[in-house]
Amino acid sequence: MTGDTRWFLLAVFPKHKPQSSSRAMSQVRVRFAPSPTGFFHIGSARTALFNWLYARHTGGVFILRIEDTDKERNSAEFYNVIYDALNWLGLNWDEGPKVGGSGGGDFGPYLQSERAGIYADYLGKLKAAGRTYEKDGAVWFKLLGERSEVYDEHRKKTVTKVKVAPTVIDDLIRGRVERVEDEDFVIVRSDGNPVFHLVNVVDDLTMKITHVIRGEDHLSNTSKHVELFKAFGAPVPKFAHIPLILKQNGPGKMSKRDQGALVEEYQKRGYLPEALVNFLALLGWNPGDDREKMPIADIIRLFDLLGVNQSNARFDEKKLAHMNMAYLLALPPEEFLGRARDFFRSLGDNAVAKAALAAPEAYFQAVMQLCQSKLKSFEELPAYTVYFFTDEFPTDAKVREKVMTKGAPKERLQELMAALPAMDFASDAAIEAAIKELAAKGGLGFGDYQAVARLALSGTNVGPSITGMFRVFGRERVEQRLARLLATAGDS
RNA sequence: GUCCCCAUCGUCUAGCCCGGUCAGGACACCACCCUUUCACGGUGAGAACCGGGGUUCGAAUCCCCGUGGGGACGCCA
């Protein structure tokens, strides 16, 4: 178990356990059915999250099914992208690939590429019922009704329209939606592979899915699906079409190419998965009051499909960053420590990361404790802590210019150095007292020493408490760095 | 072009279903306070019911029409 997923253990929710058959009849069964394209999109993450939340809220079953019928587009290593993202987010599935060894659950296999026999069976039922025909080598689903040829200007071709009654979709989020599905559609390609609409319905049917929770972009497919369910004589699941996530700038829904659209990106940047989950939960849903930052257990308890919004939401990276900061601040110190170390490890060859990981445990811990309350995200860690782990840290030229031309920095450095031997490094308070005493003697303020000391120690003007820095560095290194700045101060 | 969905501060949203509160909160932005830098935090400011009709004593809330936004219209999923 990695540090990334450890948080989830705190939200103890029992995994699906076999139920009595009467119980199982009414048990909620939802699925997340991604396609292995090599990307895991923020929108997919939220769809998965809403499904997972609903399952956990109702004590139902969350199923992962991989929709890999398009052999042209799928690639073996892409499957792991899905598993990794879901695991990182803590969205554990009860049935699906990788469960209990080689794919657990009574309704498998959970990879569509392995379900060809099932699709053939169900195709047979449709054929037997006279609801299919072949055209151009493909199998089409036949709608029932009077037919007529119509020229479609948009598609620039003649199509066959079927006079049918509107399909009624009873949507948990949108209410009653009517749509006219008036053209036959392909269910098996000429290469013999079944099409999304067929396999999606057959799988939902055979996996006994009770609630189909998916993006609103599927709403217009739903009439096809409902007609297929009806053709199979199967009960139609409840639908819940959730609003889409729009890109933060410009028109349209978020797509893979948009900045910040991939879950992997936040993982790499050291965002906390619980922060991302909390943020995503709030995109289109809210607990009904002003609460925003909530433990996952609360979100599960409060989540309900009826509380989901109908309008699309624009992705706001700034709000996500704020959520992440709030979670980072609230992390228990030892937890922060572990995750900081995990983050440094994930950086691989990064020089600061290597130096940080090579540092003595106690020192590393002291530095992290000093910095926790200052960071907004782990991605800031290397730049923020570089000077703790190497003497060859960069100096901000502008800051140096500013600090070294104001007042009498060289004198301040000399006074500080002179005071060092007698300084008590045991506590921040003692260090603060010593510097204040020094300042008082010259009729100066703490700040007169703080700026120049910070520049010497860190090469910048931002960072944690200067007294804390003194303590962590220790007398000797403080002395060295003050001396080094003094030596290079020149005539300025 | 056709069909479907949606519409409250810049953004996420509460309020709408069961008409009557200064339309509330959060992010962002600005100011001030706190302070040892930078943050955090605190206080405060600015900021919205898309437009037009209707129903009603009264409409953000109910109805209709516009407009705007989004989605779908593949032998992709």
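All chains are named by letter (A, B, ...) in the order of the sequence lines, taking the proteins before the strands, and each is independently numbered beginning at 1.
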Hey, does the side-chain of A/Lys318 have a donor or acceptor N/O within less than 3.5 Å of a partner on the base of B/C27? no
Which nucleotide sits closest to the side chain of A/Asn461: B/U36, B/U13, B/U37? B/U37
Side chain of A/His197 - closest among B/A77, B/U37, B/C27: B/A77
Regarding B/A39, can its base be found pairing with the side chain of A/Lys376 as donor and acceptor, where the two atoms are less than 3.5 Å apart? no
Ring centroid separation A/His225 to A/Phe196 under 6.0 Å: yes
Of the options B/U13, B/C5, B/A26, whose atoms approach the side-chain atoms of A/Glu292 most closely? B/A26
Nearest to side-chain heavy atoms of A/Ser220, which nucleotide of B/C73, B/A72, B/U37: B/A72
Derivation and outcome, side chain to side chain donor-acceptor pair (under 3.5 Å), residues A/Ser458 and A/Thr460: CA-CA 5 Å; A/Ser458 69; A/Thr460 179; 5.4 Å; no
For a quick check of understanding: with a heavy-atom distance under 4.0 Å over all strands, which category does A/Arg291 fall into, base, sugar-phosphate or nothing? nothing
Ignoring hydrogens and geometry beyond distance, is the side chain of A/Lys374 in donor-acceptor contact with the base of B/U37 at under 3.5 Å? yes
Side-chain donor/acceptor of A/Asn221 to base of B/A77, under 3.5 Å: yes
Could you tell me whether A/Ala451 contacts a base, only the sugar-phosphate backbone, or nothing, with contacts defined as non-hydrogen atoms closer than 4.0 Å? nothing
Looking only at the side chain of A/Asp316 (C-beta and beyond, no hydrogens), which of the listed nucleotides B/G10, B/G41, B/U36 gets closest? B/G10
May I ask you to say what A/Thr460 touches in the nucleic acid, namely base, sugar-phosphate or nothing, with a heavy-atom cut-off under 4.0 Å? nothing
Between A/Asp170 and A/Arg176, is a salt bridge (Lys or Arg N to Asp or Glu O under 4.0 Å) present by the stated rule, with each step listed? CA-CA 5 Å; A/Asp170 197 10; A/Arg176 180 193 166 95; over 6 Å; no
Side-chain N or O of A/Lys253 versus OP1/OP2 of B/C5: is the shortest distance under 4.0 Å? no
NA contact type, A/Arg174, heavy-atom cut-off 4.0 Å: base, sugar-phosphate, or nothing? sugar-phosphate
Name the nucleic acid region contacted by A/Ser465, choosing base, sugar-phosphate or nothing; use a 4.0 angstrom heavy-atom cut-off, strictly under. base
What do you reckon, do A/His154 and the base of B/C73 stack, with centroid distance below 5.5 Å and planes below 30°? yes
So, is A/Gln310 close to the B/C6 phosphate, meaning a side-chain N or O under 4.0 Å from OP1 or OP2? yes
Using a heavy-atom cut-off of 4.0 Å across all strands, would you classify A/Pro34 as base, sugar-phosphate, or nothing? nothing
Can you tell me if A/Arg189 touches the phosphate of B/A77, counting only side-chain N or O atoms and a distance under 4.0 Å to OP1 or OP2? yes
Would you indicate which nucleotide in B/A77, B/C6, B/C38 comes nearest to any side-chain atom of A/His218? B/A77
Please determine whether a side-chain nitrogen or oxygen atom of A/Asn309 lies at a distance below 4.0 Å from atom OP1 or OP2 of B/A14. yes
Just to be sure I understand the rule, does A/Glu432 reach a base, reach only the sugar-phosphate, or reach nothing, if contact means heavy atoms closer than 4.0 Å? base
Under a 90° cut-off about 0 for the syn range, is B/C40 syn or anti? syn
Determine the contact category for A/Asp136: base if any of its heavy atoms lies under 4.0 Å from a base atom, sugar-phosphate if only primed atoms, P, OP1 or OP2 are that close, otherwise nothing. base
Just to be sure I understand the rule, does A/Gly447 reach a base, reach only the sugar-phosphate, or reach nothing, if contact means heavy atoms closer than 4.0 Å? nothing
